[in-house]
Engineer: 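Got a structure for you, written out below as structure tokens; questions coming shortly.
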Amino acid sequence: MPFITYLSGLLTAQMLSDDQLISGVEIRCEEKGRCPSTCHLCRRPGKEQLSPTPVLLEINRVVPLYTLIQDNGTKEAFKNALMSSYWCSGKGDVIDDWCRCDLSAFDASGLPNCSPLPQPVLRLSPTVEPSSTVVSLEWVDVQPAIGTKVSDYILQHKKVDEYTDTDLYTGEFLSFADDLLSGLGTSCVAAGRSHGEVPEVSIYSVIFKCLEPDGLYKFTLYAVDTRGRHSELSTVTLRTACPLVDDNKAEEIADKIYNLYNGYTSGKEQQTAYNTLMEVSASMLFRVQHHYNSHYEKFGDFVWRSEDELGPRKAHLILRRLERVSSHCSSLLRSAYIQSRVDTIPYLFCRSEEVRPAGMVWYSILKDTKITCEEKMVSMARNTYGETKGRYYLTLSNVSPF
């Protein structure tokens, strides 16, 4: 509605008056150059006259600024200047859909830099919740309509932990065009491409299907243009979900261990208990300890009974495995109830229909590559944790689409 109509509505509702103005706000009732007679805030001498300042009445259509100039020569020069400023940083001329850089617009490497290479923004896919082994990442294609031509995107991923020097260990590099779209990548990594809300905008995605549970991973992405320039890095760091545990089985093992520890324990029973506890995963062992202490702590907690029944050496071999469980997962594994579920998530799997010639990577434009995509399904098992039966709380390390 027009602003003056909005003001009139406030006056009618008695929400605005001379003595109840908002502090710091000045109201000028001027519409199309004249103060309307209905606005009592404007009834001051001289205000009924035409406004001495120009007032924008309305916009009929949106047109480029240079079309408002009548002289053809000036119009063309203005157009070229605006195009150069917008697409070529003012250091070159727009020719069709690319920038011809000025002689002064070259970097230290001798590469033209009048058309900046935008930084892609890597993010978690909002449609695929990360699990203990599966993570989906995506980014929007940064190739502009005019200027820079993106040839490839380079992904790097590595597992980060306290035992690894992250500066020495670089992780694995994957070329989106040469490795993933060509099918040379492993079955653990798949590439996709879809379109956003605007059809001209492409969204590229990569799904990693073989990650380690409860692992801290760092993913980086940068773009490469047809001249070999690299964009700035974009980084995502996340921790995968906790390892899966079968809570019913953990409770059964806790009962079994209690029965083996209860009363006189023979050498055979001791060995059975030791083998059973060494065969389960660290997360499962943590859950076994939780159930044992919940039900049988009055007979001595799990640590004390293991040391007493198996001896310090064997007990130490078992119990030190609990140190592998992160503090985040150990808190979840103390939940009263744990339930397992399997989600089936669709994702796009894309392959290139062309073979990119060796040694010509920089000269191929990724957006022009013919790509065939098909929808596939991936099963993702996960645990939910809760304090009461039938009420579970989902914990996410981060949420992200593919």
Side-chain angles (χ1 to χ4, degrees), residues 130-134 161 163 209-216 239-344 379-397:
S131 72
S132 56
T133 58
V134 180
D161 57 47
Y163 308 108
K209 297 184 285 185
C210 305
L211 302 180
E212 295 182 21
D214 194 20
L216 184 63
R239 181 176 291 279
T240 52
C242 300
L244 298 174
V245 294
D246 184 337
D247 200 36
N248 292 328
K249 185 174 179 60
E251 194 165 11
E252 291 174 2
I253 293 174
D255 291 339
K256 176 181 178 181
I257 297 301
Y258 168 73
N259 291 328
L260 290 172
Y261 286 172
N262 189 24
Y264 171 75
T265 306
S266 65
K268 182 178 179 180
E269 290 172 324
Q270 291 176 354
Q271 190 63 37
T272 300
Y274 175 76
N275 291 342
T276 300
L277 295 175
M278 289 296 288
E279 287 171 359
V280 299
S281 66
S283 297
M284 194 71 166
L285 178 62
F286 197 101
R287 192 62 182 170
V288 169
Q289 179 189 34
H290 170 81
H291 281 301
Y292 187 97
N293 290 338
S294 297
H295 299 312
Y296 310 114
E297 192 172 14
K298 62 182 178 181
F299 298 105
D301 71 2
F302 180 77
V303 173
W304 182 86
R305 291 294 294 164
S306 296
E307 291 176 344
D308 185 59
E309 295 292 344
L310 306 180
R313 186 184 70 84
K314 285 187 176 181
H316 174 71
L317 292 175
I318 293 171
L319 298 174
R320 73 177 183 180
R321 298 171 61 227
L322 296 175
E323 299 173 2
R324 302 176 190 173
V325 183
S326 68
S327 57
H328 168 68
C329 290
S330 62
S331 64
L332 291 176
L333 290 171
R334 293 188 182 96
S335 302
Y337 298 98
I338 298 178
Q339 187 179 45
S340 300
R341 78 175 197 267
V342 177
D343 296 336
T344 303
S379 295
M380 301 172 65
R382 59 179 86 248
N383 287 143
T384 52
Y385 308 87
E387 297 306 320
T388 57
K389 280 189 176 181
R391 186 177 179 185
Y392 298 96
Y393 301 91
L394 187 63
T395 60
L396 307 177
S397 57

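Bear in mind that the values here come from a model prediction, so they are computed numbers and not experimental data.
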Engineer: Within the structure provided, determine whether Asp246 and Met284 are in side-chain contact (heavy-atom separation under 4.5 Å).
Structural biologist: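 Side-chain contact under 4.5 Å: yes.
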
Engineer: Measure the shortest side-chain to side-chain distance between Asp343 and Arg341 over non-hydrogen atoms and say whether it is less than 4.5 angstrom.
Structural biologist: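 Sidechains of Arg341 and Asp343: in contact.
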
Engineer: With a 3.5 Å cut-off and sequence neighbours excluded, list the donor-acceptor pairs that the side chains of residues 316-325 form with protein atoms.
Structural biologist:
from: Arg321; atom 1: NH1; to: Leu277; atom 2: O; distance (Å): 2.8
from: Arg321; atom 1: NH1; to: Val280; atom 2: O; distance (Å): 3.4
from: Arg321; atom 1: NH2; to: Val280; atom 2: O; distance (Å): 2.2

Engineer: Indicate yes or no for a side-chain donor-acceptor contact from Asn262 to the backbone of Tyr258 under 3.5 Å, with no hydrogens or angles considered.
Structural biologist: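 Flag not set: sc Asn262 to bb Tyr258 has no pair under 3.5 Å.
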
Engineer: Ignoring hydrogens and geometry, is there a side-chain-to-backbone donor-acceptor pair from Ser335 to Ile338 under 3.5 Å?
Structural biologist: no

Engineer: In Å and rounded to the nearest 0.5 Å, what is the CZ to CG distance from Phe286 to Leu333?
Structural biologist: 6.0 Å

Engineer: Glu279 and Asn275: side chain to side chain donor-acceptor pair (under 3.5 Å), yes or no, with the steps?
Structural biologist: CA-CA 6 Å; Glu279 287 171 359; Asn275 291 342; 5.6 Å; no

Engineer: Do you know which two heavy atoms are closest between Ser326 and Asp214, and how far apart they sit?
Structural biologist: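 Nearest heavy atoms, Ser326 then Asp214: OG-OD2, 2.9 Å.
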
Engineer: In sequence, state the C-alpha distance, the side-chain angles, and the governing distance for Val134 and Ser131, and then conclude on side-chain contact (heavy atoms from CB on, under 4.5 Å).
Structural biologist: CA-CA 5 Å; Val134 180; Ser131 72; 3.5 Å; yes

Engineer: Can you tell me how far OG1 of Thr133 sits from CG of Leu244, rounded to the nearest 0.5 angstrom?
Structural biologist: 7.5 Å

Engineer: Among residues at least two apart in sequence or on other chains, which ones pass side-chain contact (heavy atoms from CB on, under 4.5 Å) with Thr276?
Structural biologist: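 Thr276 satisfies side-chain contact (heavy atoms from CB on, under 4.5 Å) with Ile253, Lys256, Ile257, Thr272 only.
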
Engineer: Return the CG to CD distance between Asn293 and Gln289, rounded to the nearest 0.5 Å.
Structural biologist: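 These two atoms lie 5.5 Å from each other.
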
Engineer: Let me see the working for Glu252 and His291 under side-chain contact (heavy atoms from CB on, under 4.5 Å), right down to the final yes or no.
Structural biologist: CA-CA 9 Å; Glu252 291 174 2; His291 281 301; over 6 Å; no

Engineer: CH2 of Trp304 to CD of Glu309: how many Å apart, nearest 0.5 Å?
Structural biologist: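 The CD atom of Glu309 is 8.0 Å from CH2 of Trp304, to the nearest 0.5 Å.
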
Engineer: Within the 4.5 Å heavy-atom criterion, are Pro243 and Cys329 side-chain neighbours or not?
Structural biologist: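 Sidechains of Cys329 and Pro243: in contact.
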
Engineer: Could you walk me through whether Tyr292 and Arg305 pass side-chain contact (heavy atoms from CB on, under 4.5 Å), step by step?
Structural biologist: CA-CA 10 Å; Tyr292 187 97; Arg305 291 294 294 164; 3.6 Å; yes

Engineer: Please report the shortest heavy-atom distance between Thr240 and Pro213, naming the atom on each side.
Structural biologist: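 Thr240 and Pro213 have their closest heavy atoms at OG1-C, 3.4 Å.
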
Engineer: Using 4.0 Å as the upper bound for N to carboxylate O, is an ion pair formed by Lys249 and Asp247?
Structural biologist: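 Looking at Lys249 together with Asp247, the answer is no, because their closest N to O distance does not fall below 4.0 Å.
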
Engineer: Quick one: pull up OG in Ser132 and CZ in Arg382 and give me the separation to the nearest 0.5 Å.
Structural biologist: 8.0 Å

Engineer: For a side-chain contact (heavy atoms from CB on, under 4.5 Å) check, start with the C-alpha distance between Val342 and Met380, then their side-chain angles and the critical distance, and finish with the verdict.
Structural biologist: CA-CA 6 Å; Val342 177; Met380 301 172 65; over 6 Å; no

Engineer: Between Phe302 and Tyr296, does the ring centroid distance fall short of 6.0 Å?
Structural biologist: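 Ring-ring flag for Phe302/Tyr296: false, centres at least 6.0 Å apart.
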
Engineer: Within this structure, what is the NZ-OH distance for the pair Lys314 and Tyr274, rounded to the nearest 0.5 Å?
Structural biologist: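 Output value for this atom pair is 6.5 Å.
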
